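Please read the structure below before turning to the comments.
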Amino acid sequence: MSPRAQAGLWFAQRMSAVVLAFAVVVHLATMIYAVRSGLSAAEILDRTRGNLPWFLFYAGFVVAIAVHLPIGLRNVIAETLGWRGRLLEACTAALAAGLLAWGLRAAWAVYAPGGA
Amino acid sequence: MAGDAGSVLKVSVWRSSGPGGVAAGDGRFETFEVPRQPSQTVLDVVTHIQRHCDPTLGYRFACRVGVCGSCAMVVNGEARWTCRTHVDKVAEGGRLEVAPLRNLPVIRDLATDMSAFFDKWARARGQFSGTRSRQEPFAVVEPQSEERRQVDLGIECIGCGVCYSSCDVVEWKPDYLGPAAMNRAWTLVNDVRDTARRERLAAVAGDAGCHACHTHMSCTERCPKHLPLTSAIAGLKRETTRALLRGEL
Ligand code: SF4
Ligand code: SF4
Ligand code: FES
């Protein structure tokens with residue numbers, strides 16, 4: 001991977017951090033609200049099903065995680081295990097793909113009418 | 001004062017144990033007793049050992065006044081310039097432990113091979129590139145300008161390697177350029193006469209360059225010249241990102 005691409009990864013990680021800072025706060029506030037108001041799972045699903053803004057919010061959250069986390073982990077792996085090159089990039093890409101797939105699946109599951 | 005005449009320092013000194021005492025890798029600490037003197041520096045102590053206890057001790061120094069940058073060693077766990085480090089300041093309970101700099105191969109005992117350290121200055125495009133010849137008049141650098149101020153902050157590096165020895169990222173990623181090379185690049189990025197800005201930013205970008213820095217600040221804390229190394233690296237991150245977004249990287 002070229003230094004240019006590596007600099008791009010660094011920038012993508014910083015930008016995704018901005019999204020995460022906002023998304024984590026909204027997510028936590030929502031969780032606290034749901035728990036303190038004693039909402040049941042059915043009541044929560046009632047509010048999320050077919051709710052496009054919520055779906056888009058969580059989809060964005062998932063994308064930010066799928067960008068941010070693998071880049072950070074890529075550094076940790078390179079520093080602690082000494083992996084470089086193809087192996088490292090493949091591992092990073094697989095992690096990003098996995099997080100994206102699982103995350104979007106979860107977001108879809110609470111959005112899709114009738115469940116997924 | 002702690003350096004009373006008559007008292008004795010116990011000094012553990014790293015000795016490499018290759019054939020004929022030469023070589024890297026393994027080694028062990030050997031203990032010497034050195035009489036305390038007023039205003040004694042760690043370099044004085046090492047010199048005493050070499051002159052009076054064991055003439056085979058290998059170490060390096062030149063100026064003895066904090067200019068040449070050749071005398072750095074790890075003293076009681078921290079990299080320091082030994083010619084300007086007073087024993088009073090660092091000896092804990094009358095004990096000193098002196099070892100070679102970290103992150104560099106040992107040539108012998110306390111002397112490290114600093115080639116990799118300086119090769120990285122070259123790799124960080126640490127050479128000035130100008131346009132004027134000696135026949136032309138001097139270029140004017142505005143002393144009050146922000147660029148010149150940035151250069152002033154970083155220009156006093158003596159190349160001692162203390163920062164490089166103190167940086168964990170250098171240990172984890174041996175190809176990482178390290179703080180001194182990037183500080184050098186930063187002074188040139190801010191040199192209004194220089195013409196190699198683009199290549200230099202490309203040279204310091206990425207995993208082996210400024211983007212690997214974790215902002216630990218050990219380099220800044222330990223630099224004997226108190227240079228703001230971490231903020232120089234942050235400056236490079238900023239400028240490389242700008243270049244990236246403009247498609248110039
Ligand atoms: S601030 Fe950066 S260069 Fe300095 S010690 Fe920390 S990681 Fe190394
Ligand atoms: S930046 Fe400071 S610690 Fe590093 S080589 Fe220069 S003077 Fe020594
Ligand atoms: S001997 Fe020159 S800096 Fe210490």
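Below, chain A is the first sequence line, B the second, and so on; all start at residue 1. Here the structure is a predicted model, which is why all the values come from computation and not from measurement.
Residues Arg4(A) and Leu244(B) approach most closely at O-CD1, 3.7 Å, considering heavy atoms. Across Ala205(B) and Pro3(A), no two heavy atoms sit closer than the pair O-CB, 3.5 Å. Residues Lys173(B) and Asn75(A) come closest through the heavy atom pair NZ-OD1, 4.0 Å.
With a threshold of 4.5 angstrom between heavy atoms, Ala202(B) approaches chain A through N, CA, C or O but not through any side-chain atom. There is no contact between Thr240(B) and chain A, counting heavy-atom distances below 4.5 Å.
Counting heavy atoms of neighbouring residues, nucleotides and ligands inside a 6.0 Å radius, atom CZ of Arg132(B) exceeds 12 of them. Taking a 6.0 Å sphere around CZ of Arg95(B), one finds it holds 12 or fewer heavy atoms contributed by other residues, nucleotides or ligands.
By a heavy-atom distance cut of under 4.5 Å, not one residue of residues 18-26 of chain A is near chain B. Residues of residues 78-103 of chain A placed with any heavy atom under 4.5 Å of a heavy atom in chain B are listed by number as Ala78(A), Glu79(A), Arg84(A).
The closest side-chain heavy-atom distance from Phe11(A) to Leu245(B) is below 4.5 Å.
The CG atom of Asp207(B) sits 8.0 Å away from atom CE of Met1(A), with the distance rounded to the nearest 0.5 Å.
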